[in-house]
Amino acid sequence: MTPLEIRAVVQRELMRIAPDVDFDNVDPHADIREAFAIDSMDFLNFVIALHRSFGVDIPELDYPKLATVDGAVAYVDNKLGSAANNGHPLPQ
Amino acid sequence: MSEFRMPSLGADMEAGTLVEWLVQPGSAIKRGDIIAVVETQKGAIEIEAFEDGILDRFLVDVGTRVPVGTPLASIASAGQPKEQPGKPAGAPATAAAPWPPPEPPHMQPRPVAERPARGHGRASPAARRLAEQAHLDISIMRGSGPEGAVVLADVEAALRAAPVETRRVEALGLSQMRAAIATAMSRSKREIPHYYLAHTIDVMDARDWVEAINSTRPPERRLLMGALFVKATALAARAYPEFNGFYEERQFWKSPSIHVGVAIAIRGGGLVAPALHDAADLDLETLMTRLQDLTSRVRAGRFRSSEIADPTITVSSLGDRGVETLYGIIYPPQVAIVGFGKVVERPWISSGAVLPRATVTVTLAADHRVSDGHRGALFLTEIERSLKQPGSL
């Protein structure tokens, strides 16, 4: 999966949570909690969605790495890449 | 034969629009079944039946906006013969139409607007005219005239007491949601003598406990601190019942059930605080699942009538964004609201040493007609005690 494809899923999930926000106008380096006005429950739903879409494990300690759109894409890309490099099949 | 009426879904609701029937005449219904959808200022709400019976016929057409208390359908008891044909629709309630319907033991007194309408249907022509002009619902007014008839003086009195704010904000073009909040909060500030307490609690142990649990679980089974706050509040409400119930008709009605209203922000503005039923009896995982379900349904704009009408105490929690302290305004006819600020790290003195600790400031706004600061302090201390033993939640 390319970073572009990962970004499309990140976008889809954020737009599902915050349909009133124009995704294209959000700075990909901005804190998504601020930019999309999402609360703890929304953020948890975002993590659940990424977990289900990509099958990657996302421990709570890594939440800060998902703070921005770019950060989330890089995090998932890195997780998928390391899983492939280690020869582990994707869980889903 | 009894009537299924437009319920009052809170102090701020005056009318609702029937959007959809989910059952057909002749079907058997059970108390708690969702039988209709009503559009209110808070969005579409699923309305539940108050009693068992057979839906006899509809009294209001889909798309009609009617005041709270208006009969929407007639309901026959199971086995009871159907209503005689020829009897005019909307006939005044008779002895055969008991109201309020027999309530199960766990239900609380309903808001005043749902009580038996004194002088239901009876009003002087002058009173009717004025009420119509002012968009007031005469059927829920108390009449002081002969046989409880509503007379002109009653409507004038109701006008003086009516939420003028509602009309003003509508004139300003603000949203219906904003108007609903304005009505309820103005009534609260007008009628309820609030007192406020705040207490800062060390929640490091609770946070560590949650983190330890979450580290072993996939995201969909993780807990949020907010779930612990709701549970701790529900347990404190059980220990101090004067914070759990309704103040109506000049007295406090203690609620045997603890239904915690959880303030949930709605995207685009406004909020609602629907009930997590029997929160004190739920284990944390179940409570968290219900909280997720409730939040997603609120965000999708669809929740149930009992969730709106039932809360016996409210919790407003800012989560991990926002500020340190939140002072709530009581949602009438409730008598208390508990506010949790965001969890922040502070220097904290413990056993003679200054340490960085995760803390939360919890506030209580309570009704001075029912309780005092002394009891309020004990109530907040009880929340602290629970949060210091997260394993016992």
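By convention in this document, chain letters (A, B, ...) are assigned in the order of the sequence lines, proteins followed by strands, and residues within each chain are numbered from 1.
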Exercise. Step by step, would you call A:L44 with B:E220 a side chain to side chain contact (heavy atoms under 4.5 Å, CB included)?
Worked result: CA-CA 8 Å; A:L44 179 57; B:E220 57 268 23; over 6 Å; no
Problem set entry | Check: B:R217 and A:E60 side chains under 4.5 Å, non-hydrogen atoms | no
Exercise. Is it the backbone or the side chain of A:L61 that comes under 4.5 Å from a heavy atom of chain B, or both, or neither?
Worked result: neither
Exercise. Given that the side chain runs from C-beta out, which part of B:L291 has a heavy atom under 4.5 Å from chain A: side chain, backbone, both or neither?
Worked result: both
Exercise. Are more than 12 heavy atoms from other residues, nucleotides or ligands located less than 6.0 Å from atom OH of B:Y327?
Worked result: no
Exercise. With a 4.5 Å heavy-atom cut-off, do B:R299 and A:I17 have their side chains touching?
Worked result: no
Problem set entry | Atom of B:G319, atom of A:S40 and distance for their closest heavy-atom approach | CA-OG, 3.5 Å
Could you list the donor-acceptor pairs under 3.5 angstrom formed between side-chain atoms of residues 227-235 of chain B and any protein atom two or more places apart in sequence or on another chain?
unit_1: B:K231; atom_1: NZ; unit_2: B:L282; atom_2: O; d: 2.9
unit_1: B:K231; atom_1: NZ; unit_2: B:L393; atom_2: O; d: 3.2
unit_1: B:T233; atom_1: OG1; unit_2: B:F229; atom_2: O; d: 2.8

Problem set entry | Residue part contacting chain B, namely of A:F46, when any heavy atom lies under 4.5 Å | neither
Exercise. Is chain A contacted by the side chain of B:T295, its backbone, both, or neither, given a heavy-atom distance below 4.5 Å?
Worked result: side chain
Problem set entry | Interatomic distance, A:I48 atom CD1 to B:Q292 atom CD [nearest 0.5 angstrom] | 5.0 Å
For this session: Keeping the roles fixed (side chain from B:R267, backbone from A:I38), state whether a donor-acceptor pair exists under 3.5 Å.
Result: no
Problem set entry | B:R222, CZ: over 12 other non-hydrogen atoms inside 6.0 angstrom | yes
For this session: Starting at CZ of A:F43, measure out to CG of B:L224 and round the result to the nearest 0.5 Å.
Result: 11.0 Å
Exercise. Does anything in residues 1-14 of chain A get under 4.5 Å of chain B by heavy atoms, and if so which residues?
Worked result: none
